[in-house]
Amino acid sequence: MQNSFIEQACKPDTEKWETAIKREIPLYGRNNDIRTDFERDYTRLLHSEAYRRLKHKTQVFYAPHNDHICTRMEHVGHVASVASTIAKYLGLNDQLASAIAIGHDIGHAPFGHHGEDCLNSLLKQEEIPNAPKKFWHERNSLFFADYIETLQDPNGIHQPLNLTYAVRDGLICHCGEIDQQGIKPRDKAIDLYSIKRPGIVQPYTWEGCIVKLSDKISFLGRDIEDARAYHILDMTSYRQLREIVGSTLGFERKGAHALRSGKAVNTTVLINDMIVDLCEQSSPENGLCFSEEYFKFIIELKKFCFANIYNHWRLAEFAVYAENIIKTLYRTLMKAQVFVKNGRTSQVLKVYPKLCSTFEEWLIKHSNYRPYSTEKHNFVDKKQILHFNTQQVFDVNDNESYIKCVIEYISGMTDQFAIQVYEEIITF
């Protein structure tokens, strides 16, 4: 119901407010700033380089040449729109929901979830059965926000994004892959880096919970539309869609026409109907939930997408190519480790100019690496402002830290850039 959550909104004079707006260090102010804390977080994420690169990162279809196919940036925009709509209607803080949504995927790897799995496999300790994932994009979004992304302050010094606790919490807790009903926020603030698996800890705020569900709402409809544009779906698939609608929603239910005509997939209607159902069914007592009909519909629609889109043979073929790219980049940069330790990165990577220049910039900014010809760089000393035992994020002299450095560098690449530097390596 409209405004039914207004007493639960993250706002001043509520129990969680002071913790929600807390930052690791005070953020510089301006005499003429008219924005709230969460609006500042939104714009800090919007101006970050990690956000800008989302326009060339996979949502479902790798490195698309079709301008009308959804990339990771467009997906993030969909999530922000859905989350803001739901939050406003329910009476929650739409500024907080929008800030979490706009930044929730800044830690995504190139080539989507397959790229994420590739990077995790490079880090995974094979001798530990059922070991938790070491690389997962929700945690990486938090890591990028805390330690990698910087913006210039009024004095021209690069500072970390230094986001509020509520937004940082929303980044690492946004996993929408798990199907849950009655989602409610947890009661206590925790060390966010103590979270070891995606999806097991609920967000600290109702607004963070909304982003989790908005992520699911946003990708389901749009993925089907894009699959249709690439002729991924055949007539059998369209019949399956009709059967899903009929068996869960019924053809006469309001809004069921979004999919019932088979080929005519209406993304906007589908997203709208899921939003409306969620808003009508949710309450502070029962949590954020869909009706049983829509919940079953969403589960069946996800199964359909995995069977007919995400596991399609064309995507599987590109996945082999993407895995080769990521592993080639990793092996190449690991071979350069001994030269990096001596400050001579360019000596070994000079035949790969794009890879060499960007990796050396990354090392200078985020590690204790200093090139043999020392040059001053205007980056703040992270030991002064973050909880680090060392001066920089990565120690190139430590093997485990160097591996992490390489993995994080690759994770920040766009699809196109990863392909370009890969071709530098394999082209003679």
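Sequential numbering from 1 along the given sequence is applied to the chain's residues. In what follows, every heavy atom counts, from backbone to side chain, and hydrogens, waters and symmetry copies are set aside.
- Surrounding NZ of Lys341 are more than 12 heavy atoms belonging to other residues, nucleotides or ligands, all under 6.0 Å away.
- In terms of the salt bridge (charged side-chain N to carboxylate O under 4.0 Å, His left out) criterion, residue partners of Asp169 (sequence neighbours excluded) are, by chain and number, Arg186.
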TODO: Under the salt bridge (Lys or Arg N to Asp or Glu O under 4.0 Å) rule, what do Lys57 and Asp105 come out as? Steps first, then yes or no, please.
DONE: CA-CA 10 Å; Lys57 287 198 175 191; Asp105 272 352; over 6 Å; no
Open item on the list: Apply side-chain hydrogen bond (donor to acceptor under 3.5 Å, both in side chains) to residues Asp226 and His68 and explain how you reach the verdict.
Closed with: CA-CA 8 Å; Asp226 287 349; His68 302 133; over 6 Å; no
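- Judged as a side-chain contact (heavy atoms from CB on, under 4.5 Å), and not counting sequence neighbours, the contacts of Cys118 are His114, Glu323, Ile326.
- Figure legend: Arg40 and Tyr28 shown as a cation-pi pair, the cationic atom lying under 6.0 angstrom from the six-membered ring centre and within 45 degrees of its axis.
- Tyr238 has its side chain out of reach of Asn308: every pair of non-hydrogen atoms, C-beta onward, lies at least 4.5 Å apart.
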TODO: Tell me, with the steps shown, if Lys303 and Glu300 meet salt bridge (Lys or Arg N to Asp or Glu O under 4.0 Å).
DONE: CA-CA 5 Å; Lys303 291 179 181 176; Glu300 292 304 314; 3.5 Å; yes
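- Legend: residues meeting side-chain contact (heavy atoms from CB on, under 4.5 Å) with Asp37, ordered by chain and number and at least two apart, are Ile21, Arg23, Thr164.
- To the nearest 0.5 Å, the span separating CD on Gln420 from CD1 on Ile325 amounts to 11.0 Å.
- Scanning for ring pair (Phe, Tyr, Trp, His ring centres under 6.0 Å) contacts around Tyr402 gives an empty result, with sequence neighbours left out.
- A distance of 11.0 Å separates CD of Glu360 from CG of Leu355, quoted to the nearest 0.5 Å.
- Heavy atoms from other residues, nucleotides or ligands lying under 6.0 Å from CD of Glu49 number 12 at most.
- To the nearest 0.5 Å, atoms OH (Tyr51) and NE2 (His104) are separated by 11.0 Å.
- For Glu207 against Ala9, the heavy-atom pair with the smallest separation is OE2-CA, 3.7 Å.
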- [ ] Would you please test Glu361 and Lys365 for salt bridge (Lys or Arg N to Asp or Glu O under 4.0 Å) and show each step?
- [x] CA-CA 6 Å; Glu361 286 177 8; Lys365 183 176 180 181; over 6 Å; no
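- For the pair Ala80 and Ile102, the tightest heavy-atom approach, listed with the atom from each and the gap, is CB-CD1, 4.4 Å.
- Evaluation of the ring pair (Phe, Tyr, Trp, His ring centres under 6.0 Å) rule for His78 yields no partner, not counting sequence neighbours.
- Considering only residues two or more places apart in sequence or on other chains, Phe339 meets the ring pair (Phe, Tyr, Trp, His ring centres under 6.0 Å) condition with none of them.
- Surrounding NZ of Lys296 are at most 12 heavy atoms belonging to other residues, nucleotides or ligands under 6.0 Å away.
- The distance from atom CG of Asp179 to atom NZ of Lys216, rounded to the nearest 0.5 Å, is 4.0 Å.
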